[in-house]
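All remarks here apply to the structure that follows.
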Amino acid sequence: MISRPYDEIKHLIENYLKKEFSLKSDLIWSKPPSAELGDISFPLFNIAKELKIKPDELGEKIISEISFPDIIEKVSLQGGFLNLAFNRSIFVTQVFQTILEQTKYGQNSTMSSERIIVEHTSSNPTGPLHIGNFRGSVLGDVLGRLFSFLGAAVNVRYYVNDLGRQIAPLVIGYFLLKETKLKIKEKGDLWLGKVYASMYTFLEIQQLKQKLDLLGWKSQDGVSLYSLDETDLKTMQDFLNNLPKENKEKDNTYKWYSKLARVQSLLIERIPEVYEKLNSLTSSRIDDLESMTNQYVKSYQEGKDKLIVEKFREVTKMALEGHVETLNLFEIYHDDFDWESDVAWSGEVQPMLDKLEDKNYLRHDGKARLLKNDTIAEELGYKTKYSISYEIPDSIIVNSEGITLYPCRDIVYHLHKLEKFNASLCYNVIAKMQQLPQLAVRLALYGLGSTDSADRIHHFDYEYVSLIGRKMAGREFDYVTPDELFVLAQEEIKTIIEERNYSEEEQQKIAQKIAASSIKYHILKMDPQKSVSFDVKKAVDPNENSGAFLQYSYARALSILSRSSKHDIDVQKILESTKKEKQIIEKQAEWELVKLMEELPSILIKGAKSLRPDSVANFTYSLASAFHKFYDACPVLKAENPELIKSRVIMVVSIIKCLESLFEVMGIKSLEKM
RNA sequence: GGUCCCGUAGCUCAGCUGGAUAGAGCGUUUGCCUCCUAAGCAAAUGGUCGUGCGUUCGAAUCGCAUCGGGAUCGCCA
């Protein structure tokens, strides 16, 4: 356990109060609003009330009866607050020693008894990652790093959703193009995103046309089933307008029609080559895309048709490779990849459904099956346990075609997920949108009797990211990818570096590292629960975001050390002497910096326990900021006297260690020069 | 309509196990490189913490109500 000066003092007073007054509640410490009042403060109101004494009287008693250790220099009482000031020299000597004696400052074994799975990203292999799901990647990555820094065994997994119905049109389109020997000139996942957007639109247009046919609209002869040409648009509009108002389908169909017309023209504008080429291929080669899609999905789910399996795997692997490439740019890595299709082929889905059926936890609606979420939650005490008082809606897990839906595989997957790593905890870093399906999985596990497993699985949810003024939509090929942000950020950064004397190669390297950390930091620093409207300009602006600010503080610190020999200062020697000598604090900037450095270990623990990786990011910012202030206010190598030089050199070494730990936790690369 | 999340400075956000005068960055204005990297520092500007009521010695923080924004609620994941 970490012993902090703050905690020591707290325990000292607390123990006194417990012994003398048999105090029951905990003592709380806070920071005084201004430096003159001291460094640590105890509001006495609550406990004074419990002990039935006036706050000031209690304060007097504490002051007169406790003999404070040397580290406390001043004790005072002010309006019910007991304020204490540290002896800066003793405090700093102690902090420096703690920092220097650890290989990695802040690393500890708080979580060493845990084995934790972090599942993150798990994006659909239908296109590139975009900043929406990338937010999950960043959060999951840092969460994993944090747990691992605190001693937990961490296993980072990616669940590949390769079975979704939406993959089939992509696979169909991909092979239509492949047969034409078309060369792919861009990143695979981006390419697939274009194919997916096109094919899905064709499918929807077909469905719309069929729907309108049912309502009595007649499509023209010789017009493609998969596109809305001008005559289509006109006759559809007229037809829909002339439908009687009371027709229930009218409004929705009209909306659908308008949306598709818009999407079609958007895609023609954005990705003309792919869209038009695929349109003609699909029109001439495929009679009925919808039934082909269903056939493909069914066949892949069964996994018996080798050719189909190969086709799906080829496409999904291509997408996945693209995702991994993107993630690696940002120092984000996975240990294992689990394929949804493997879960389906394990043959365990049907027995699982049967079991739920036997226990009467499924509701039938035609061929469709619904999980009786509320019944399970009620009967098995889930509602009481997690104090849920509202009614949980049922979830569809098998559709009316008899096709099992995503949650079915997810349930089976989760039955085994914990075993795969012998995990004590599992965090699924998944968008908030998935709240209900995630709850359904847990409830299904309850229903299946795996209560213990269910309780160890947590949905770490984060809000979605939108672009300013619009939503991101894969089906409209409208999203911002981390890759393009990376390129933009690099360009911005290069304009700054150009003024310095770096070689082309160095420039490139530096720009890459800064771009990656800046984007990552920009996303990480925000509360996961806040929905974000993403401003590309701001994400990429080196002045706006502070990823560079952090790296700059590190580079500045290193640069001081690298110049030490020129000033005849032997850093190694100074470090060796720290155990014997007392350190000096002269200026306020130094004092603020030391106090922050002292907090680092507890910030990490708090961040991990409260599942707030963003708090680590924001702390790092404060620390870097305090260092910049120190840098400006306190010359190190040219300090007034040798003692001060020593203390400040140790300060620099300490801040470097602090930043190294924090960078490791956030997956930010440090730069020696920038 | 039910459920969940969010409303803090012109903009983007910290602060929320209740604590003293609510903090950063961007923006606007002004200083600081003969001195360890100016991607920095210092200063000015800017807030009835959505609104109301309640609990409390004390509320941005807790409770209730209300308004506004977002997500989700039977066949997509």
Side-chain angles (χ1 to χ4, degrees), chain A residues 26 28 30-34 37 41-43 45-46 48-49 55 78-81 83 122-124 126 161 163-167 200 340 363 365-370 388 390-401 403 405-407 410 431-437 461 463-464 466 475 493 496-497 499-500 514 518 522 525-533 535 538 541-549 551-553 555-564 566-567 589 610 614-615 617-619 621-622 625 627-639 648 652 673-674:
Chain A
D26 281 348
I28 292 167
S30 63
K31 290 179 194 170
S34 75
L37 290 171
S41 135
F42 298 90
F45 309 97
N46 286 341
K49 196 176 182 184
Q78 196 139 46
F81 288 88
N83 295 323
S122 304
S123 172
N124 284 337
T126 48
N161 301 292
L163 262 194
R165 202 180 120 81
Q166 76 281 12
I167 319 267
Y200 204 90
E340 189 182 359
R363 183 157 69 81
D365 187 358
K367 265 188 171 177
R369 302 278 180 279
L370 291 94
I388 294 172
Y390 57 90
E391 191 182 330
I392 306 168
D394 295 346
S395 338
I396 291 213
I397 58 175
V398 177
N399 75 9
S400 45
E401 305 279 316
I403 294 176
L405 302 176
Y406 163 87
D410 224 19
K432 176 147 243 143
M433 259 168 58
Q434 298 273 4
Q435 211 165 21
L436 194 64
D461 57 348
E463 272 286 357
Y464 230 59
S466 60
R475 288 173 191 173
I493 292 156
I496 296 174
I497 316 182
E499 294 160 16
R500 311 202 169 170
I514 297 175
S518 292
H522 183 83
K525 68 177 176 181
M526 280 179 292
D527 181 348
Q529 294 295 326
K530 278 198 173 150
S531 53
V532 177
S533 29
D535 187 338
K538 284 188 173 167
D541 185 348
N543 299 316
E544 168 80 22
N545 76 61
S546 324
F549 182 89
Q551 286 168 312
Y552 186 49
S553 61
R556 272 182 140 184
L558 273 194
S559 131
I560 295 175
L561 295 189
S562 72
R563 287 181 176 265
S564 57
K566 282 186 190 160
H567 294 258
S610 58
D614 56 314
S615 67
N618 286 309
F619 172 78
Y621 182 86
S622 324
S625 175
F627 175 72
H628 283 305
K629 285 176 182 147
F630 161 84
Y631 183 93
D632 221 61
C634 310
V636 176
L637 303 174
K638 291 175 186 169
R648 288 186 179 164
V652 174
K673 287 192 287 185
M674 62 185 278

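Since the model is a prediction, treat every value here as computed from it, not as a measurement. Convention: sequence-line order gives letters A, B, ...; per-chain numbering from 1.
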Which one is paired to B:C53, where only Watson-Crick or G-U wobble pairs with both distances under 3.5 angstrom count?
-> B:G63

Which nucleotide, in any strand shown, forms a Watson-Crick or G-U wobble pair with B:G23, with both distances under 3.5 Å?
-> B:C13

With under 30° as parallel and over 60° as perpendicular, where do the rings of A:Phe81 and A:Phe45 fit, or are they tilted in between?
-> perpendicular

Give none if B:U34 has no partner; otherwise give the nucleotide forming a Watson-Crick or G-U wobble pair with it, both distances under 3.5 Å.
-> none

Does B:A71 pair with anything, Watson-Crick or G-U wobble, both distances under 3.5 Å, and if so, with which nucleotide?
-> B:U3

Within the structure shown, what part of the strands sits under 4.0 Å from A:Pro393 by heavy-atom distance: base, sugar-phosphate, or nothing?
-> sugar-phosphate

Using a cut-off of less than 4.0 Å, is there contact between a side-chain N or O of A:Tyr406 and OP1 or OP2 of B:A77?
-> no

Counting side-chain heavy atoms from CB outward, which of B:C36, B:C75, B:C76 is closest to A:Pro635?
-> B:C36

Hey, does A:Asp365 reach any base, or is it just sugar-phosphate, or nothing, if we go heavy atoms under 4.0 Å?
-> base

P gap between B:A14 and B:C5, integer Å = 16 Å

The answer to which of A:Lys629 and A:Gln434 contacts RNA chain B further toward the 5' end, by nearest nucleotide, is A:Lys629

Below 4.0 Å: OP1/OP2 of B:G74 and any side-chain N or O of A:Arg369 = no

Nearest to the side chain of A:Leu436, which nucleotide is it out of B:C36, B:C73, B:A20?
-> B:C73

What distance, rounded to whole Å, do you find between the two C1' atoms, one in B:A60 and one in B:G50?
-> 12 Å

How far does the C1' atom of B:C49 sit from the matching atom of B:G7, given to the nearest Å?
-> 10 Å

B:A65 to B:U55 separation - C1' atoms, rounded to the nearest Å | 15 Å

Indicate yes or no for a side-chain donor-acceptor contact from A:Asn618 to the backbone of A:Lys525 under 3.5 Å, with no hydrogens or angles considered.
-> yes

Do the side-chain N or O atoms of A:Arg165 get closer than 4.0 angstrom to the phosphate oxygens (OP1, OP2) of B:C75?
-> no

Are A:Lys432 and A:Pro528 close enough that some pair of their side-chain heavy atoms sits under 4.5 Å apart?
-> no

Paired to B:U28 by Watson-Crick or G-U wobble criteria (both distances under 3.5 Å) is B:A44

Main-chain N/O of A:Asp614 paired with A:Asp527 side-chain donor or acceptor, under 3.5 Å = no

Determine the interatomic distance between C1' on B:U48 and the same-named atom on B:A59; round to the nearest Å.
-> 15 Å

Does A:Lys49 put a side-chain nitrogen or oxygen below 4.0 Å from OP1 or OP2 of B:C57?
-> yes

Scanning all shown strands, the Watson-Crick or wobble mate of B:G58 with both distances under 3.5 Å is none

Any A:Lys530 side-chain nitrogen or oxygen under 4.0 Å from OP1 or OP2 of B:A14 | yes

From B:G74, B:A39, B:G58, nucleotide with atom closest to A:Ile493 side chain = B:A39

If you measure from the C1' atom in B:C41 to the same atom in B:C33, how many Å do you get, rounded?
-> 11 Å

side-chain contact (heavy atoms from CB on, under 4.5 Å) test vs A:His567 passes for just one of A:Leu637, A:Ile560, A:Val636, namely A:Leu637

